[in-house]
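Notes follow once the structure below has been shown.
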There are 2 protein chains.
Amino acid sequence: MDIQELLNRGFRVKKYRKDSIVYEPGMLPKFVYFIKSGEVRMVTVSDDGKEFIQGIFKRDQYFGEPAIIVNRRYLAYTIVSKDAEIIPVGNNDFFNLIRNEPNFSTDLIQTLSNRLFYKSMMLEELANEKAEHRLLTIINYLTNDIEVGETLKITRQELADMTGLRVETVIRGVKILVDRGSIKLNRGKIIKI
Amino acid sequence: MDIQELLNRGFRVKKYRKDSIVYEPGMLPKFVYFIKSGEVRMVTVSDDGKEFIQGIFKRDQYFGEPAIIVNRRYLAYTIVSKDAEIIPVGNNDFFNLIRNEPNFSTDLIQTLSNRLFYKSMMLEELANEKAEHRLLTIINYLTNDIEVGETLKITRQELADMTGLRVETVIRGVKILVDRGSIKLNRGKIIKI
DNA sequence: CTATTAATATGATGCAGATCATAATTTAAC
DNA sequence: GTTAAATTATGATCTGCATCATATTAATAG
């Protein structure tokens, strides 16, 4: 079930500007969102305003299904990180996709399993490991889908928000990893080795 | 796809004694495990031996699918907490279930979504919240499936292993929550209010 | 090119929770 | 009922990271 197929079936694209909010905690889920272009981040926010990035979603990915499937209110915000075109697929249409498109249901199972893997990995890190270990793990994970020599387009703040650390700690941690030779930088940005 | 149905189809039950290990990190996944009786816990262990409980699985539940589905080595141990009877369903049989049993595939999607919900909740807690908040969240989550007045059959150590805290911290934290009136005890055990 | 704004950097201080030690209590085993 | 093992309890100390303050550098806008 790709974007083109959804368009063929008459689903409409909605445009979202950077920083707009697709949904927020407490809302009842009504749609699953398929991304045609742009980027969003799913974040939970603590009482004192600290963001934790639960996931980042880009072109050709979808988000928002678990809440629909288990029929519970959202726990997180989803915020547009880069201007985006998104196709909201309603509740019933979504369940029809699952029922009638074996390929989609297989893809969904794969997608959910992948996210579980990521979250299990991060839970272990946050529960048991210290700053540098957490950083190295997330960096290795993120460099998985780029080529050797390419740079990771991510800020220290984003690394902080993915690892539950603070920017200052990330900055110091990254330095330590560089000194140790665990990672390399190019003009301040982490590159895959 | 319930246990009886699997038995009818000729799948065999395997007995596991308490403390035996169903699989450990690094192993290639070959089976999905359906629990007929007993209980297992899925844990990751840090370099210095600290356990983190990724999940607890009981009668009529299954575990081990994500690794099969994404075809990656296990990240965690699964250890038998109470003598168990388990039906290992091989790789191919499992994929046949997904393909040929729409009900099973729907159930799997539900199950995966529920686990994602739990893990997202815990990630937020571990990333952003302090001891007492974490404890209250996990206690509320656990008391979801018992009746008012019933006691939670869980030790402080287990609470520690689910929240990434240390026993002493859990003991002190539980006391604080009791003082605040957030939770109640009965002979040392937490009861649902 | 210059002005803003965002990102990275660095030191000083504080504190929540880990760690260590040791004891009291409850539960299980015989 | 007695012993052993597990669980809960409590105080003292240590430490990694948060927090706060303030620069420096890099990226972006006009």
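Order of the sequence lines fixes the chain letters, A, B, ..., with proteins taken first and strands second; residue numbering starts at 1 for each chain.
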Completion exercise
Phe63(B) and Arg115(B) have their tightest heavy-atom pair at CA-NH2, 4.4 Å

Exercise for the section: Calculate the interatomic distance between Ile176(A) atom CD1 and dA9(C) atom P; express it in whole Å. Expected result: 13 Å

Handout entry: Asp83(B) and Arg17(B) ion-paired at < 4.0 Å
Key = yes

Exercise for the section: Quick one: do Arg41(B) and Ser81(B) satisfy side-chain hydrogen bond (donor to acceptor under 3.5 Å, both in side chains)? Show the steps, please. Expected result: CA-CA 6 Å; Arg41(B) 66 181 187 279; Ser81(B) 297; 3.3 Å; yes

Problem - Spacing between Phe52(B) atom CZ and dA18(C) atom P, to the nearest angstrom - result: 13 Å

Practice task
In whole angstrom, give the distance that lies between atom NE2 of His133(B) and atom C1' of dG17(C).
Solution key: 17 Å

Practice task
Please report, rounded to the nearest Å, how far the C1' atom of dG17(C) is from the CD atom of Glu125(B).
Solution key: 16 Å

Practice task
Grab the two heavy atoms, one from Phe52(B) and one from Ala127(A), that are nearest each other, plus how far apart they are.
Solution key: CD1-CB, 3.3 Å

Fill in the blank from the handout: What one should report as the nearest heavy-atom pair of Leu108(A) and Tyr62(A) is CA-OH, 3.3 Å

Completion exercise
Its contact letters, B for base, S for sugar-phosphate only and - for none at protein heavy atoms under 4.0 Å, make nucleotides 4-21 of chain D read ---SSBBBB----SSBB-

Practice task
Could you tell me whether Glu132(B) and Arg180(B) have a side-chain N and a carboxylate O separated by less than 4.0 Å?
Solution key: yes

Problem - Minimal non-hydrogen separation, Thr44(B) against Ala76(B), with atom names - result: CG2-CB, 3.8 Å

Completion exercise
Rounded to whole Å, the CD-C1' distance (Glu51(B) to dA18(C)) equals 18 Å

Fill in the blank from the handout: Intra- and inter-strand pairing of DNA chain C, written as dot-bracket with Watson-Crick and G-U pairs under 3.5 Å and | for the latter, reads ||||||||||||||||||||||||||||||

Practice task
Find the distance Lys82(A):NZ to dT28(D):C1' and express it as a whole number of Å.
Solution key: 16 Å

Practice task
Could you tell me the separation between the CG atom of Asp19(A) and the P atom of dA6(C), rounded to a whole number of Å?
Solution key: 11 Å

Problem - Nearest heavy atoms of Glu158(A) and Ile53(A), plus distance in Å - result: O-CD1, 4.0 Å

Handout entry: Salt bridge Arg9(B)-Glu5(B), side-chain N to carboxylate O under 4.0 Å
Key = yes

Practice task
For Arg187(A) and dA6(C), give me the distance from atom CZ to atom C1', rounded to whole Å.
Solution key: 15 Å

